[in-house]
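Only this structure's heavy atoms are used, side chains among them; waters, hydrogens and symmetry mates stay out. Here the structure is a predicted model, which is why all the values come from computation and not from measurement.
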2 protein chains.
Amino acid sequence: MSQRKTTIREVASRAGVSLGTASNVFNDKTSVAAESRQRVLDAAEALGYRPNSLAAGLRRQRTRTIGLVVPDVLNIVFNELVEHLENLALSQAYEVIIVTSREDPEREHERVRALLSRRVDGLIIIPTRDWSATEREMRHHRIPVVVLDRVAAKDHFPSVASDNAAATRAGTDYLLGLGHRDLAFVINSTRLWNSAARVDGFLAAMRDAGLQDRARVLLPGMTEEETRAGVLPVLAGPDRPTAIFTGSNVATLGVLRAVQDAGLAIPQDLSLLAFDDFAWLTVLRPFVSAIRQPTEALAGHAWRILTAGFEAPDRAAEHIRLPAPLIARETTAAPPAMKAFSPARRRATEEAGPP
Amino acid sequence: MSQRKTTIREVASRAGVSLGTASNVFNDKTSVAAESRQRVLDAAEALGYRPNSLAAGLRRQRTRTIGLVVPDVLNIVFNELVEHLENLALSQAYEVIIVTSREDPEREHERVRALLSRRVDGLIIIPTRDWSATEREMRHHRIPVVVLDRVAAKDHFPSVASDNAAATRAGTDYLLGLGHRDLAFVINSTRLWNSAARVDGFLAAMRDAGLQDRARVLLPGMTEEETRAGVLPVLAGPDRPTAIFTGSNVATLGVLRAVQDAGLAIPQDLSLLAFDDFAWLTVLRPFVSAIRQPTEALAGHAWRILTAGFEAPDRAAEHIRLPAPLIARETTAAPPAMKAFSPARRRATEEAGPP
DNA sequence: CTGTTAGCGCGTTCAA
DNA sequence: TTGAACGCGCTAACAG
């Protein structure tokens, strides 16, 4: 109940050993006599001793802490990554400090500096659209960095992500196979390199099918609401696509709202394929077809590469790309044009056109 | 590009001032000549100086860091709380370190000790079912603590939560007003005090309506899957309730899966009211009626009380309870018994009984 | 196996 | 307004 926290010095003196011996007990380095060890442990327990990791880190020049930079706490994919990374870190007696950039490059930079001030041993970052300032900062400091999820075509740092282009290419092929010809790909931004890769995969598949003219890419904005507002006109318009492929879960949420607003039925009027899968997609109707990112494997590689960087700081940067499988559920079906008369389509057309 | 990070001493020497002056610049305490100040800032910039917060915290005996203990990173309610708390902390130049207990009392205790080792200035905790060990630890250390969300009837520490009993009472009254008489309340555990309060509110409303005999409380377990498995038999059974009130979003998810498995239609066969609201509930059909916790206000109070504790450590513990409004959407309707012949009900009965 | 000592980088005296 | 000295709590190195 002391005001000042108890120090290792007090523990040592109560145990009747020297400070160095007590330290050795807590860091079980060199052998300590079993008897002394027990007395130190008892003293620590009695005093409620909690090692001061600030002092230890200062002295040791290593904190056994890694920083994790995430754009958004409310995005389920990031949270899955966080969860797996935390498991890995704790299993090796590392701590992780999470900071959030809120998709803001300036804030990202500032938060990374805070991490640097805490002297983290390494950094895993899911960057914002423009993290050039942050990246420059990181190059200056000699700690291992791994770029996760939002990777660039050619990162300076090691990178780990899904194979976005292959996934959207496969997803597009799947929609084409269902009979769709008018496809729209909805994504928040192409300034994110992984988003750009998703668009590339979509466009490549459309091109291969000779449908480049029917391929639309919509970039309504970074938020759910912007997505809703931006997509609604095209859903309500006369040349509505028969299938929408969303490039992120933010886009999915926005598109679903726009579909509600437009009064369309999925998949009768419109098919929907989502990038990013999670629990709620499989519990309310219709179950959303989705591409699932292998978050556990992604986290595993990121951690492996980061810790390898602790041992050998100057190895060549590894770049991992993992396949992201498609899970077909209820929102993807043949397009309305291939069916008989469709009341829903007629309704939409009536609403869109003049009386 | 130096191996060792640059220190304030190097900054001072490059700026041609003493260490103490440089320190004053970064902590803008006592007045420093504008000229000296600028030279220090320039030197810091040129050297890529990052203050060492370990050393600062060690010396200052305050880290301007608070710890936040959360049971689960994947729960949206906790994440909303985290987001708001982080906003508040950053706005006052505090940092927050998040740790997760994974609903495990032992892990919670261990994670809190890690926070203590980091010498956090205060702690906000959403506790596990049995956090007595953690609580004992916290009482021994003299830092402000605020219990959030999962509060007890009478906490030793200040506490902030929704008024759970009032919310479920109002929710139950709403279902009764719709004509329901057979209600089941599904929740993960009553060892959580706030969960117990939710059950109390439900039972009180049923008792006041003279329906205590028709009130069922189901406790299928802590996970979504346990909930599904535990609820399915009662949904498939002959005396299925006409409405289900879920006490947490984990329970909601599990019940929705069980409803799928049982082949029931909501709200035709069964009404559903959920505790905890979030984006996906309003985007896939049917839109789920829910009780929304005021997460921003909860976070605001928690932060206010915590920071008040920094100034006046020995004030009486405040206990805040905030109203959580009900948002009626599509999953709550009159019970099937009040309508004409209901095929869905008949089907369920047939499936349940012998041929 | 144990005790002693010297910093880790910084903020805070206090004297000049 | 500035500079020098001290110590926050701990670990590492070395002597015993």
Could you walk me through whether B:Phe157 and B:Met138 pass the side-chain contact (heavy atoms from CB on, under 4.5 Å) test, one step at a time?
CA-CA 10 Å; B:Phe157 294 113; B:Met138 293 315 305; 3.7 Å; yes
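- Distance from the side chain of A:Asn52 is smallest for D:dG9 among the nucleotides D:dG9, C:dC10, C:dG9.
- Closest to the side chain of A:Thr21, out of D:dG9, C:dG3, D:dG3, is C:dG3.
- An OP1 or OP2 oxygen of D:dA12 is reached within less than 4.0 angstrom by no side-chain nitrogen or oxygen of A:Gln61.
- When each of D:dG3, C:dC10, C:dC1 is scored by its nearest atom to the side-chain atoms of B:Thr7, the top-ranked nucleotide is C:dC10.
- With C:dG9, C:dG3, C:dG11 as the choices, the nucleotide that has an atom nearest any side-chain atom of B:Asn27 turns out to be C:dG11.
- Within the structure, salt bridge (charged side-chain N to carboxylate O under 4.0 Å, His left out) pairs that include any residue of residues 113-130 of chain A comprise A:Arg113-A:Glu137 (at least two apart or interchain).
- Note on B:Glu10 versus B:Arg14: no salt bridge recorded, every NZ/NE/NH1/NH2 to OD/OE distance being 4.0 Å or above.
- The pair A:Glu108-A:Arg102 does not meet the salt-bridge criterion, since no charged nitrogen lies less than 4.0 angstrom from a carboxylate oxygen.
- Distance from the side chain of A:Ala33 is smallest to C:dT2 among C:dG11, D:dG3, C:dT2.
- Between the side chains of B:Glu103 and B:Thr128, not a single donor N or O lies within less than 3.5 Å of an accepting N or O.
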Expected rows: protein N/O vs nucleotides 5-7 of chain C N/O, under 3.5 Å:
unit_1	atom_1	unit_2	atom_2	d
C:dG7	N2	A:Arg59	NH1	3.2
C:dG7	N3	A:Arg59	NH1	3.4

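- Near DNA chain C, defined here as any heavy-atom distance below 4.0 Å, there are no residues from residues 114-122 of chain B.
- Ring geometry, A:Trp303 versus A:Tyr94: the interplanar angle exceeds 60°, so the pair is classed perpendicular (tilted spans 30 to 60°).
- Distance from the side chain of B:Ala55 is smallest to C:dC10 among C:dC1, D:dT2, C:dC10.
- For B:Leu58, counting side-chain heavy atoms from C-beta on, the closest listed nucleotide (C:dG3, C:dC10, C:dG9) is C:dG9.
- Summarising the local packing, CD of B:Glu45 is surrounded by 12 or fewer heavy atoms from other residues, nucleotides or ligands at distances under 6.0 Å.
- Distances shown here put every side-chain N or O of B:Ser36 at or beyond 4.0 Å from the OP1 or OP2 atom of D:dT1.
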Can A:Arg111 and B:Glu86 be said to form a salt bridge (Lys or Arg N to Asp or Glu O under 4.0 Å), step by step?
CA-CA 12 Å; A:Arg111 298 282 65 211; B:Glu86 206 186 14; 5.3 Å; no
